[in-house]
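Data block below; observations after.
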Amino acid sequence: MHAYRTHTCGQLRKEHVGQTVRLSGWVNRRRDHGGLLFIDLRDHYGLTQCVVEPDEAAFAETDKARSEWVLTLTGRVVARPAETVNADLPTGEVELRIEQVAVQGQAQELPLPVFGDMTYPEDTRLKYRFLDLRRERLHRNITLRSKVISSIRRRMIDQGFTEFQTPILTASSPEGARDFLVPSRLHPGKFYALPQAPQQFKQLIMVAGFDRYFQIAPCFRDEDARADRSPGEFYQLDLEMSFVTQDDVFAAVEPVMHGVFEEFADGRIVSPAPFPRIAYDESMLKYGVDKPDLRNPIVIADVTDVFARDDVAFKAFKGKTVRAIPAPGAGAQPRSFFDKLNDWARGEMGAAGLGYVVFEDESGVLAGKGPIAKFLPAEALAAMAARTCVKAGDALFFSADAKTDRAAALAGQARIRLGRELGLIQEGEFKFCWIVDFPMYEWSEEEKKIDFSHNPFSMPQFPREKFLALDNDDRDTILGLKAYQYDIVCNGIELSSGAIRNHDPEVMLKAFEIAGYAREETETKFAGMLNAFRYGAPPHGGTAPGIDRIVMLIAGEENLREVTMFPMNQQAQDLMMNAPNEASARQLNELHIRSVLPETK
RNA sequence: GGGGGCGUAGCUCAGUUGGUUAGAGUGACGGCCUGUCACGCCGUAGGUCGCGGGUUCGAGCCCCGUCGCUCCCGCCA
């Protein structure tokens with residue numbers, strides 16, 4: 001007989017009755033009845049009830065075992081009496097009569113229980129991650145993550161993609177997020193950087209004549225965390241293709257995304273391919289964000305012209321962009337509902353407020369109620385009602401600001417809040433869309449200059465010769481330029497960002513020049529890539545869906561830590577491994593590094 | 001860097017207007033119990049009320065500071 005096990009703890013069924021078997025696992029639960037002792041033994045595969053009576057030889061040893069001890073139990077499989085079958089357990093028709101016990105590992109009193117589903121503090125969970133991972137939910141999520149990644153990999157390979165590895169120690173990239181730096185021992189004063197993404201490498205792979213590259217790629221960015229943004233590191237399904245248009249990329253990615261979500265949907269509805277395509281400008285108007293949750297039925301409308309009418313006397317909105325956010329059924333809400341939203345807009349959002357009108361039916365005619373209704377004559381109300389499809393019993397909220405993007409942003413946040421608070425979000429659905437036609441540039445208010453809006457490597461949607469001829473006088477044209485840049489969004493979460501790349505060295509130099517980078521500067525910073533583009537670069541493009549976010553959505557979790565095996569806390573510390581940590585003087589000497597600590601307050 | 005929330009037993013929490021010896025559930029430990037599967041019953045141990053300072057006759061509670069965790073803003077090409 002094997003030293004540790006003949007079966008797993010999830011394996012035994014009625015057909016094993018009569019066999020002598022050996023199981024190894026953790027004591028999930030111990031139930032001492034004096035006359036008989038039950039041990040629920042747990043391993044990766046499941047749970048088996050084991051039992052021993054006091055007059056049996058194994059009793060004394062079994063009796064010592066406590067929660068989370070590791071035991072090897074040997075004995076006969078017996079059928080449980082009919083009235084004691086546990087229908088909730090796959091192994092619930094049988095139990096193991098313990099004849100031999102071997103203690104493989106003892107456990108101290110637990111800082112957090114494995115059994116049960118109580119919540120406990122995040123730092124305790126992280127410090128004792130190995131215990132938390134034994135728990136059912138996390139164990140299931142991590143296993144799910146593995147299955148999702150296998151499925152993605154299989155789907156990519158089936159579509160003719162090839163997986164390549166790219167360096168982890170590379171050069172700092174001047175654009176984008178803060179890099180993690182790694183000091184060089186051989187080159188005093190110089191540093192490697194961990195890749196924020198294999199962006200330049202995957203483009204070089206295309207230049208190198210490979211096609212349809214993918215990788216489950218680790219990415220490193222030294223930026224602050226959010227619930228849907230891990231500190232430090234995360235994984236992307238990084239992919240790139242040559243000789244493709246935007247439509248080709250979409251056609252390659254949609255079946256993978258749809259397929260993998262469908263595979264693990266478990267009854268939830270997944271948007272069929274092709275996914276809807278929404279232009280960035282349209283998204284900002286209708287949803288107020290560039291990552292709309294399409295499960296939320298609310299659609300924002302522009303009503304600037306209505307408030308500009310001469311017969312509308314509401315001065316606070318004159319000369320401002322006004323967006324209307326319909327709130328279906330909100331007419332039934334108490335006054336406090338409206339006040340709370342207004343307080344939120346003024347406080348958290350830093351807005352002047354969130355006006356509203358409640359629509360009521362007055363003998364067949366729509367009438368407006370609320371503080372600003374008196375400023376709105378019937379024709380203005382009717383015009384807004386028609387544009388936003390509100391009816392009696394609904395309300396309309398207004399977001400107004402002299403700056404259009406601020407009006408849109410407040411409207412977008414209000415839409416999210418209203419959708420949630422009015423219970424309008426359709427659960428049990430994965431609603432995908434592409435956001436396309438992102439602006440190439442934007443005006444940077446703090447730097448007072450034109451800057452890249454998103455990805456500096458994207459190809460502008462503009463004829464080459466005209467683009468090369470652009471100069472400072474063409475500011476409006478430049479700020480109106482769109483790029484072949486696109487995001488995949490699912491349920492309000494940005495899953496992926498991608499682009500058709502700029503593979504023309506002259507256009508690339510010009511693109512950076514517009515953003516304020518001298519040609520020599522661009523030549524130096526992107527020497528590798530520009531140089532490569534001068535030796536025959538194919539048109540290419542790709543995207544990079546976030547693996548962690550995909551798993552989070554499929555697992556139905558709200559935080560990436562729930563789908564990451566060994567996550568860091570929000571301050572980017574690993575409480576279990578105690579990272580980051582001081583380096584020894586010797587290590588620092590070898591690296592020609594000295595710490596200059598900030599002055600303590 | 002900034003804002004909000006939280007911090008009381010190993011864990012989840014209660015703790016009245018500032019007033020006697022800070023409680024419950026759960027877990028741990030001991031005892032009893034032959035069919036439980038969140039077993040049940042009895043008992044025991046377990047507390048720097050995050051930390052420091054202040055107000056007060058008296059602080060878990062009020063004030064100031066600080067630390068930790070978390071969510072958000074900034075940031076994330």
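Since this is a predicted model, take the numbers as computed values, not measurements. So you know, we letter chains A, B, ... as the sequences are listed, proteins then strands, and number each from 1.
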**Request:** Could you tell me whether the side chain of A:Arg226 has a donor or acceptor atom within less than 3.5 Å of a complementary atom in the base of B:G74?
**Result:** yes
**Request:** Report which part of the nucleic acid A:Glu122 touches: base, sugar-phosphate, or nothing (heavy-atom distance under 4.0 Å, all strands).
**Result:** sugar-phosphate
**Item:** Base-pairing assignment for B:C41 (Watson-Crick or G-U wobble, both under 3.5 Å)
**Value:** B:G31
**Request:** Taking atom C1' in both B:A38 and B:U56, compute the distance separating them and give it to the nearest angstrom.
**Result:** 47 Å
**Request:** For A:Lys64 and B:A28, give me the distance from atom NZ to atom C1', rounded to whole Å.
**Result:** 19 Å
**Message:** Taking pairing as Watson-Crick or G-U wobble with both contacts under 3.5 Å, can you name the mate of B:C57, or confirm there isn't one?
**Reply:** B:G19
**Prompt:** When the nearest nucleotide of RNA chain B is assigned to A:Glu109 and to A:Thr124 on a heavy-atom basis, which residue is associated with the more 5' position?
**Reply:** A:Thr124
**Message:** Measure NE2/A:His33 against P/B:C39 and give the value in whole Å, please.
**Reply:** 8 Å
**Complete:** Applying the 3.5 Å cut-off to both distances, the Watson-Crick or G-U partner of B:G74 turns out to be none
**Message:** Need one value for A:Glu83: base, sugar-phosphate or nothing, where a base atom within 4.0 Å counts as base even if backbone is also close, heavy atoms only.
**Reply:** nothing
**Request:** Using the P atoms only, state how far B:G43 lies from B:U66, rounded to an integer number of Å.
**Result:** 48 Å
**Prompt:** Could you state the CG-P distance from A:Leu126 to B:U70, rounded to the nearest angstrom?
**Reply:** 7 Å
**Request:** Check every atom of B:C76, B:C11, B:C69 against the side chain of A:Arg221 and return the nucleotide holding the closest atom.
**Result:** B:C76
**Request:** Would you kindly give the CG-to-C1' distance between A:Leu560 and B:C71, to the nearest whole Å?
**Result:** 14 Å
**Item:** Whole-angstrom distance between B:C57 and B:C41, as gauged at atom P
**Value:** 49 Å
**Item:** Between C1' of B:U70 and CD of A:Glu562, the distance in whole Å
**Value:** 13 Å
**Message:** Using atom P in both nucleotides, what's the gap between B:C61 and B:C6 to the nearest angstrom?
**Reply:** 15 Å
**Whole-angstrom distance between B:G27 and B:U21, as gauged at atom C1'** = 25 Å
**Item:** Closest listed nucleotide, where the reference is the side chain of A:Arg29 and the choices are B:C37, B:U70, B:C39
**Value:** B:C39
**Request:** Please work out if A:Pro113 contacts a base, only the sugar-phosphate, or nothing of the nucleic acid, heavy-atom cut-off 4.0 Å.
**Result:** nothing
**Request:** Answer with base, sugar-phosphate or nothing: what part of the nucleic acid does A:Asp224 contact at a heavy-atom distance below 4.0 Å?
**Result:** base
**Message:** What's the gap between B:G7 and B:C49 when it is taken at their P atoms, as a whole Å value?
**Reply:** 15 Å
**Message:** For a quick check of understanding: with a heavy-atom distance under 4.0 Å over all strands, which category does A:Asn569 fall into, base, sugar-phosphate or nothing?
**Reply:** sugar-phosphate
**Request:** With heavy atoms under 4.0 Å as the rule, sort A:Gln573 into base, sugar-phosphate or nothing.
**Result:** sugar-phosphate
**Item:** From CA spacing to verdict: salt bridge (charged side-chain N to carboxylate O under 4.0 Å, His left out), A:Asp238, A:Lys202
**Value:** CA-CA 8 Å; A:Asp238 195 43; A:Lys202 70 173 170 180; 2.8 Å; yes
**Prompt:** Quick one: does A:Arg30 reach the base of B:U36 with a side-chain donor-acceptor pair under 3.5 Å?
**Reply:** no
**Message:** What is the distance, to the nearest angstrom, from the CD atom on A:Gln570 to the P atom on B:G5?
**Reply:** 16 Å
**Asked** Is the shortest side-chain N/O distance from A:Asn559 to OP1 or OP2 of B:C71 below 4.0 Å?
**Response** yes
**Request:** Report yes or no: is the cationic atom of A:Arg30 (NZ for Lys, CZ for Arg) closer than 6.0 Å to the six-membered ring centre of A:Trp69, at no more than 45° off its axis?
**Result:** no
**Message:** Is it the case that the side chains of A:His139 and A:His44 hold a donor-acceptor pair, with the cut-off being a distance below 3.5 Å and no angle test?
**Reply:** yes
**Item:** Shortest non-hydrogen contact between A:Ile325 and A:Ala414, atoms and distance
**Value:** CD1-CB, 4.2 Å
**Request:** Please evaluate the base of B:C33 for a donor-acceptor partner in the side chain of A:Asp32 within a cut-off of under 3.5 Å?
**Result:** yes
**Request:** Check whether the side chains of A:Gln196 and A:Asp179 place a donor and an acceptor atom closer than 3.5 Å, and report yes or no.
**Result:** yes
**Short side-chain N/O contact from A:Gln49 to OP1 or OP2 of B:G35, under 4.0 Å** = no
**Request:** Name the residue closer to the 5' end of RNA chain B, choosing between A:Arg66 and A:Phe38 according to the nucleotide with the nearest heavy atom.
**Result:** A:Arg66
**Asked** Is there a side-chain polar atom (N or O) of A:Gln571 under 4.0 Å from OP1 or OP2 of B:C69?
**Response** yes
**Message:** OP1 or OP2 of B:C39 versus the side-chain N and O atoms of A:Arg31: is any pair under 4.0 Å?
**Reply:** yes
**Item:** Distance in angstrom units between A:Arg178 CZ and B:C75 P, rounded
**Value:** 11 Å
**Prompt:** Do A:Phe234 and A:Phe220 make the cut of ring centroids closer than 6.0 angstrom?
**Reply:** no
**Message:** Is it the case that B:C75 (base atoms only) and A:Arg229 (side chain only) share a donor and an acceptor within less than 3.5 Å, ignoring hydrogens and angles?
**Reply:** yes
**Message:** Categorize A:Leu36 for me: base, sugar-phosphate, or nothing, with a 4.0 angstrom heavy-atom threshold over every strand shown.
**Reply:** base
**Base of B:G10 paired with side chain of A:Gln108 (donor-acceptor, under 3.5 Å)** = no
**Request:** Indicate, yes or no, whether a donor-acceptor pair under 3.5 Å links the base of B:C37 to the side chain of A:Asn86.
**Result:** yes
**Item:** Length of the CG-C1' vector between A:Leu89 and B:A38, whole Å
**Value:** 14 Å
**Asked** Do A:Phe250 and A:Tyr486 pass the ring pair (Phe, Tyr, Trp, His ring centres under 6.0 Å) test, and can you show the C-alpha distance, the side-chain angles, and the key distance before you say yes or no?
**Response** CA-CA 10 Å; A:Phe250 290 8; A:Tyr486 37 81; 5.0 Å; yes
**Request:** Can you tell me, in whole Å, how much space there is between the P of B:A59 and that of B:C42?
**Result:** 37 Å
**Message:** By the 4.0 Å heavy-atom rule, please label A:Arg417 as base, sugar-phosphate, or nothing.
**Reply:** nothing
**Item:** Interatomic distance at P, B:C13 relative to B:U8, whole Å
**Value:** 9 Å
**Basic-acidic side-chain contact under 4.0 Å: A:Arg323, A:Asp401** = no
**Prompt:** Does A:Gln196 place a side-chain N or O at less than 4.0 Å from the phosphate oxygens OP1/OP2 of B:C76?
**Reply:** no
**Message:** For the aromatic rings, using the six-membered ring if either is Trp, is the centroid distance between A:Phe452 and A:Tyr441 under 6.0 Å?
**Reply:** yes
